[in-house]
Each structure stands twice: as C-alpha cells, then as structure tokens.
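The model shown is predicted, which means the values in this text are computed figures rather than measured ones. Just the heavy atoms: all of them, side chains too, but no hydrogens, waters or symmetry mates, feed the values below.
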Amino acid sequence: ENGTRLNSLIKLKKIKKYLTIQEAIMHDEIHVVVDSISAADETFLKDDPRCHIVRLILRHGDHEWIDGERPLAEMFEMVEKTGKLPMTSQPPIGMIIELFTDLVKSGKKVIMLTVDSVLSGTYETCCLAARQVMADVEGADIRIIDSKTAACPISGIAMEVLEHTAAGMDIDAAEKMARDMVARTETFFSINTLDYLQKGGRIGAVGALIGSIFGIRPIVHLDKEGRLEVVDKCRTRKKVLKRIVELAAEKAPLEAIFVAHAEAAEDAEGLKAQMHELFPDVPIMLTGIGAVLAAHLGPGVIGIFVRQQAK
C-alpha cells in the first residue's frame with residue numbers, strides 16, 4: 001500500500017507545475033469534486049483544498065463503512081470467510097446537495113467528475129443534486145461530467161483542471177478540456193478470478209467453472225459510451241498482462257498512462273515498467289483500484305488506462 005502511494009506521488013510529470021497548497025488557496029474560484037472511485041486519496045488531490053471527494057458506501061452483513069475506511073485485504077477476508085460479496089451504493093444525494101450548496105454559497109464554481117455512468121448511478125444522482133442546487137441558489141454554476149472510466153485517470157483529469165483553472169482558465173474552457181480528455185481516455189482491465197462475477201450474478205456458475213478450469217480471463221474495454229466489451233480472452237495471467245500492454249500501446253501516441261490494481265502490486269509494477277519502456281517520455285500514475293470496484297471484480301483485478309494525445 002505504501003509503495004502504491006509513493007508511486008502515485010511521483011506520478012504525472014505532465015502536470016509539471018502542480019501548485020503548492022499555499023498557491024492553491026490563492027486560486028480557488030473553481031473547485032473540483034470527484035467520487036472515491038477516482039483513487040484521489042492516493043494522489044496530491046487529497047491535500048488540495050480545491051478538491052472534494054464524495055464517498056461511496058460498502059456494506060457486508062452488519063458492517064457498513066464509507067469507501068476508504070477499511071483496507072482491501074480486510075474486505076477480501078470478509079468475502080473469504082462468508083462466501084458473500086459486499087454490497088455497494090452511491091453517495092447519498094443529501095450529502096452531495098449539502099456539498100454543492102456549501103461550495104456555491106461561498107462563491108465557488110464546481111466541476112464534478114464521476115465514475116463511468118454505466119458502472120454506477122453516481123453520475124445521475126449528481127446531476128439531480130446539481131439541478132436542485134442551481135434552482136435553489138442564484139448564480140450557482142455546477143458542471144457534471146461522466147468520465148466514462150474509473151480509478152486514477154479520473155484524478156488525472158481533475159489535476160489538469162485544477163492546474164489550468166489556477167492559471168486563469170475559465171469554467172467553460174475547463175469543462176471543454178475535461179470532456180475532451182474523457183473522449184481521449186481508453187480503459188482496459190482484466191480480472192484474476194471469476195468468483196466475484198459469479199457471486200454477483202454477472203456470469204453463471206457453469207461459466208465460472210469452465211473459466212476457472214481452463215484459466216480463461218477476459219480483457220475488458222470501455223467503449224466511447226462507457227459500456228463494457230470483452231476484447232480478448234487469455235488462458236494465463238502472464239498472457240493477460242502481455243496482451244493488456246499490447247492493447248494499450250495500440251492507442252499511441254499517448255499523453256498520459258495510468259495503472260490501477262486490487263492487491264496486485266507486483267503485477268502493476270510490471271505493467272508500469274513495460275509501459276515506461278515503450279513510452280519513456282509519457283508520465284505514469286499508479287494507484288489502487290479502490291474498494292468499490294474491487295468488491296465487484298475481486299482481488300487481482302488490474303487495469304491500464306491511457307489518454308491519447310490530442311489530434
């Protein structure tokens with residue numbers, strides 16, 4: 001975990017002049033909100049007063065906690081002992097309304113980046129909250145953007161927004177820039193066990209059994225609408241890792257690279273090293289994938305996310 005955090009702090013050389021906290025306080029007309037799936041806790045965003053994190057909720061039996069309160073290993077141990085998956089839910093709309101209201105009443109404009117709307121209802125909930133606050137508070141300006149991805153590339157876009165708005169970019173231009181980055185982001189990930197998908201009802205027991213027997217692991221891509229599509233299947237973890245690098249590299253030329261994982265630090269470091277060898281001048285961010293996604297996908301899930309260069 002500490003290694004993951006260190007990697008993320010070294011991250012994104014592209015954000016070459018990321019502001020100190022003191023400088024950020026002087027340029028805080030536009031604030032950014034992300035949800036906890038963004039892995040913002042593992043980046044500088046955690047300490048930036050212009051960035052706010054709304055947290056999804058997990059439940060397992062009688063236990064309920066907000067995303068980030070418990071380590072992944074503890075959650076996986078719960079599943080191992082009981083055979084039951086955690087339930088996850090989006091942030092309560094009242095909490096989002098309260099945050100938006102506090103920000104706009106203090107004179108801030110807001111850009112919110114949410115996890116892919118196909119994976120979670122967070123985007124729709126935030127749109128409802130924004131409409132209510134803008135109706136209630138005169139002059140309120142809240143922009144909600146569906147990232148059409150998950151994990152650390154969301155934080156990467158948030159950092160770019162904060163850097164550029166601190167330098168004078170207005171909210172219209174910042175929103176346009178963020179949406180353009182969303183359109184240029186490609187997502188590839190693979191799971192290491194079919195058990196979680198089977199327990200969650202996403203594949204049948206027979207499919208999970210056959211997949212486990214033959215070691216079949218799907219590689220999933222999110223299309224331009226954020227929908228999941230299987231782009232390849234491999235029989236071993238080694239082949240998965242090799243193929244996922246090939247698929248990501250096909251999207252060159254690249255502007256930024258992101259790697260995220262759930263309790264698969266060694267494999268993630270390997271992917272990072274391979275991508276760095278292929279693209280030595282492209283910044284790479286490495287973080288965990290977060291408890292909410294891991295609750296559905298299981299230990300060992302790993303992904304590469306690439307942002308293509310603007311044409």
Side-chain angles (χ1 to χ4, degrees), residues 7-8 11-15 34-35 37-40 43 113-120 122-123 145-161 175-192 217-234 239-262 264 267-290 293 296-297 301-311:
N7 276 308
S8 70
K11 54 145 187 69
L12 279 186
K13 297 175 185 176
K14 179 74 176 181
I15 304 177
V34 295
D35 59 49
I37 291 179
S38 67
T43 75
L113 294 154
T114 76
V115 64
D116 176 23
S117 60
V118 174
L119 302 178
S120 169
T122 301
Y123 171 75
I145 299 173
D146 179 357
S147 74
K148 295 180 170 50
T149 187
C152 47
I154 302 173
S155 287
I157 296 173
M159 290 176 179
E160 293 279 5
V161 169
E175 179 188 12
K176 181 179 179 181
M177 179 186 71
R179 292 189 185 278
D180 177 63
M181 289 182 175
V182 166
R184 292 188 280 113
T185 298
E186 300 283 351
T187 299
F188 299 95
F189 70 90
S190 185
I191 58 174
N192 198 41
R217 299 292 180 267
I219 297 176
V220 178
H221 173 251
L222 297 186
D223 69 15
K224 292 303 181 183
E225 300 303 318
R227 295 170 301 208
L228 285 74
E229 57 181 6
V230 175
V231 292
D232 210 341
K233 296 178 182 178
C234 301
K239 290 180 179 178
V240 163
L241 298 176
K242 179 176 182 292
R243 183 61 179 140
I244 206 170
V245 167
E246 292 172 349
L247 289 166
E250 289 172 3
K251 300 300 180 180
L254 304 181
E255 180 177 281
I257 299 168
F258 307 85
V259 179
H261 69 96
D267 286 343
E269 289 287 356
L271 292 187
K272 178 184 175 184
Q274 291 179 67
M275 293 299 287
H276 177 69
E277 185 174 350
L278 292 171
F279 305 99
D281 297 324
V282 178
I284 302 176
M285 178 192 290
L286 190 159
T287 71
I289 208 162
L293 291 179
H296 297 286
L297 300 175
V301 62
I302 195 164
I304 294 182
F305 315 76
V306 294
R307 189 165 71 228
Q308 296 174 296
Q309 291 182 10
K311 294 180 180 179

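- Residues passing the salt bridge (Lys or Arg N to Asp or Glu O under 4.0 Å) test with Glu250 are Arg243, sequence neighbours excluded.
- A donor-acceptor contact shorter than 3.5 Å links the side chain of Arg184 to the backbone of Gln308.
- A search for side-chain contact (heavy atoms from CB on, under 4.5 Å) contacts involving Ser147 returns Thr149, Ile154, not counting sequence neighbours.
- Residues meeting the side-chain contact (heavy atoms from CB on, under 4.5 Å) test with Ala249, sequence neighbours left out: Leu278, Phe279.
- Between Glu186 and Lys224 there is a salt bridge, since a side-chain N of the basic residue sits under 4.0 Å from a carboxylate O of the acidic one.
- In this structure, Phe305 has no ring-ring contact (aromatic ring centres under 6.0 Å, His included) partners at least two apart in sequence or on a different chain.
- With sequence neighbours left out, Glu175 forms a side-chain hydrogen bond (donor to acceptor under 3.5 Å, both in side chains) with Arg143, Arg179.
- Applying the side-chain hydrogen bond (donor to acceptor under 3.5 Å, both in side chains) test to Lys242 and every residue at least two apart in sequence or in another chain returns Glu246.
- For Lys311, the salt bridge (Lys or Arg N to Asp or Glu O under 4.0 Å) criterion is met by no residue, not counting sequence neighbours.
- With sequence neighbours left out, the side-chain contact (heavy atoms from CB on, under 4.5 Å) criterion links Lys176 to no other residue.
- Listed by chain and number, the residues in a side-chain hydrogen bond (donor to acceptor under 3.5 Å, both in side chains) with Glu229 are His221 (sequence neighbours excluded).
- For the side-chain hydrogen bond (donor to acceptor under 3.5 Å, both in side chains) test, residues two or more places apart in sequence or in another chain that qualify with Asp146 are Ser117.
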